[in-house]
Each structure stands twice: as C-alpha cells, then as structure tokens.
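The structure under discussion appears below in the form of structure tokens.
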Amino acid sequence: MNRKPISRRTAVVVATAVIAALGVGTAAFVAYQESDEGNAAVGGTAEMHLTFDADFSVDTNLAGGAEDLFYGKVTALKGQKDLGVGPETQYAVAVQRVFKGDVTGTVVVNQLGGTDEEGVLVLPEDDHLLQVGKRYLFATNYNEEQRFNTLIPVHGDQPIPDTEAGAPGVPDSDGNGQATMSDRWVAAVRDQADLSTAPPEPEPTEEPEEDPTPEASPTPGS
C-alpha cells in the first residue's frame with residue numbers, strides 16, 4: 001500500500017512538567033505529530049517525535065534513566081488515558097525477572113501512544129503498542145499519582161522472548177560461559193549512566209548600584 005503525502009502537521013509544545021509525568025527527566029521540550037489528513041476521519045496514523053538529552057538506545061543510558069528495569073509478559077489491556085501529552089495506553093504485566101528496582105507480581109505498565117479522539121493512532125516514532133501475550137524488557141518510571149509504571153518512550157519496551165537467548169558481544173556477567181540477554185541487562189545496570197546530575201547554573205552577575213568610593217591612600221609617616 002502506498003502512503004499518501006502528509007497533509008496535516010500539528011505542532012505540540014511539551015512542557016518539562018508534562019515530560020516529567022512520563023517519567024523521563026532528561027527529555028527535551030518539543031514534539032510534533034504528522035498524519036495523513038485524508039485518513040484521519042476513518043482512522044489513520046500519526047507519529048509523535050520526541051527529543052531527549054540522553055540517547056536511550058544505549059543500554060547504560062536506558063538503565064540509568066529507569067527506576068525499574070525488568071522482564072515480563074503482557075497479560076491484559078487495561079485501558080487508555082490522556083494526561084496532557086496525547087493518548088497513553090495501560091497494560092497488566094506479569095513481572096518475571098527484575099534487573100533494577102523492586103517491582104513484583106503483576107504491575108500496570110503505561111505506554112505513550114494510543115488512539116486519539118479522532119480515531120487516529122498516535123505513536124512515538126518507530127515504537128509500537130505492546131501486544132498481549134508477548135514478553136518484553138521494560139524500562140519504566142513510577143507515576144505515583146496514577147499508580148502505574150510509565151515506559152521510557154521508544155526504547156523502554158524491547159521484545160525479548162527469552163532472557164536466556166544468546167547476546168553476542170555482551171559480557172558474560174554470570175560466568176557460565178554464555179552471554180545472554182540477562183547478562184546484557186545485568187551489565188547495563190552495573191554500568192548505568194548517572195543521568196541525575198546536570199551542569200550547575202551560572203551564578204547571576206549583579207552590577208553594583210553605584211561605583212564604590214575608593215579608599216584614601218595612607219599618607220607617608222602615618
């Protein structure tokens with residue numbers, strides 16, 4: 001199927017506080033959506049583009065940016081909300097292995113993306129909505145107000161059918177002679193980047209209200 005030329009482009013300014021609600025403190029501030037207006041009335045798709053201060057395609061950055069990093073299975077679709085950024089979709093996930101954090105049992109995972117009021121499927125870049133029955137590596141941050149774990153967009157949900165599958169080029173963290181997906185994320189947490197620090201803001205320079213009066217020079221012999 002050939003995609004029609006994009007005819008609708010909506011700019012969306014995303015404030016820091018809104019991005020913080022997604023659980024990503026290192027996000028930049030602007031996103032935009034593109035969609036085919038001709039298809040919008042009957043559905044269609046739109047992409048949300050986000051820019052981050054950190055490259056979350058790097059494992060150590062993803063581990064450093066997440067409060068919880070775990071492996072689990074999506075067991076059910078829970079619903080959808082719009083918290084100010086666009087549609088977000090919630091799922092029940094059975095936790096099967098924890099690499100970082102303290103999640104246990106079944107948790108609600110929230111994903112940026114879903115169907116908006118016009119029936120348009122809005123997705124962040126190349127991300128896809130989670131699928132019930134599939135297993136993923138989840139990188140999330142807890143939203144205390146909503147009581148769910150929000151995925152880091154795009155890179156925070158990675159399909160992994162089996163954590164013991166081979167992972168070439170990854171250090172053998174458990175020393176069993178085989179590098180696996182588990183070893184990959186154990187190493188990522190061990191070497192995680194510290195994304196909590198930022199360069200200090202420069203101190204404001206205050207101009208004196210008036211030129212200071214120079215002190216009198218001491219006279220000879222005084």
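Starting from 1, each residue takes its place in the sequence as its number.
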Quiz item: Any side-chain heavy atom of L69 within less than 4.5 Å of one from L137?
Solution: yes
Quiz item: Rounded to the nearest 0.5 Å, what separation is found between the CE atom of M48 and the CG atom of D127?
Solution: 11.5 Å
Practice problem: Let me know which of F148, F70, Y136 forms a side-chain contact (heavy atoms from CB on, under 4.5 Å) with V109. | Solution: F70
Quiz item: To the nearest 0.5 Å, what is the distance between CD (Q158) and CZ (F138)?
Solution: 11.0 Å
Quiz item: In Å, rounded to the nearest 0.5 Å, how long is the span from NE2 of H128 to CG of L121?
Solution: 10.0 Å
Practice problem: Mark yes or no for whether Y71, through its side chain, and P161, through its backbone, hold a donor-acceptor pair below 3.5 Å. | Solution: yes
Exercise. Could you walk me through whether V85 and L112 pass side-chain contact (heavy atoms from CB on, under 4.5 Å), step by step?
Key: CA-CA 8 Å; V85 180; L112 180 62; 3.9 Å; yes
Self-check item: Distance (rounded to the nearest 0.5 Å) between I160 CD1 and W185 CH2
Solution: 6.5 Å
Quiz item: Mind checking whether T150 and Y142 have side chains closer than 4.5 Å, heavy atoms only?
Solution: no
Quiz prompt | Donor-acceptor pair, side chain of Q80 and main chain of T115, under 3.5 angstrom | solution = yes
Exercise. Using the salt bridge (Lys or Arg N to Asp or Glu O under 4.0 Å) rule, collect all pairs that involve residues 61-81, keeping only residues at least two apart or in two chains.
Key: none
Quiz item: Does some side-chain heavy atom of V107 sit less than 4.5 Å from a side-chain heavy atom of V95?
Solution: yes
Quiz item: Nearest 0.5 Å, what's the CG-OG1 distance between L130 and T89?
Solution: 8.5 Å
Practice problem: Spell out, as yes or no, whether a donor-acceptor pair under 3.5 Å connects the side chain of T75 to the backbone of A94. | Solution: no
Practice problem: Measure from the side-chain N and O atoms of S182 to the backbone N and O of T163, and report whether any donor-acceptor pair falls under 3.5 Å. | Solution: yes
Quiz item: So how far is it from L62 CG to T60 OG1, rounded to the nearest 0.5 Å?
Solution: 9.0 Å
Exercise. Kindly say whether I152 contributes a backbone atom to a donor-acceptor pair with the side chain of D157 at under 3.5 angstrom?
Key: no
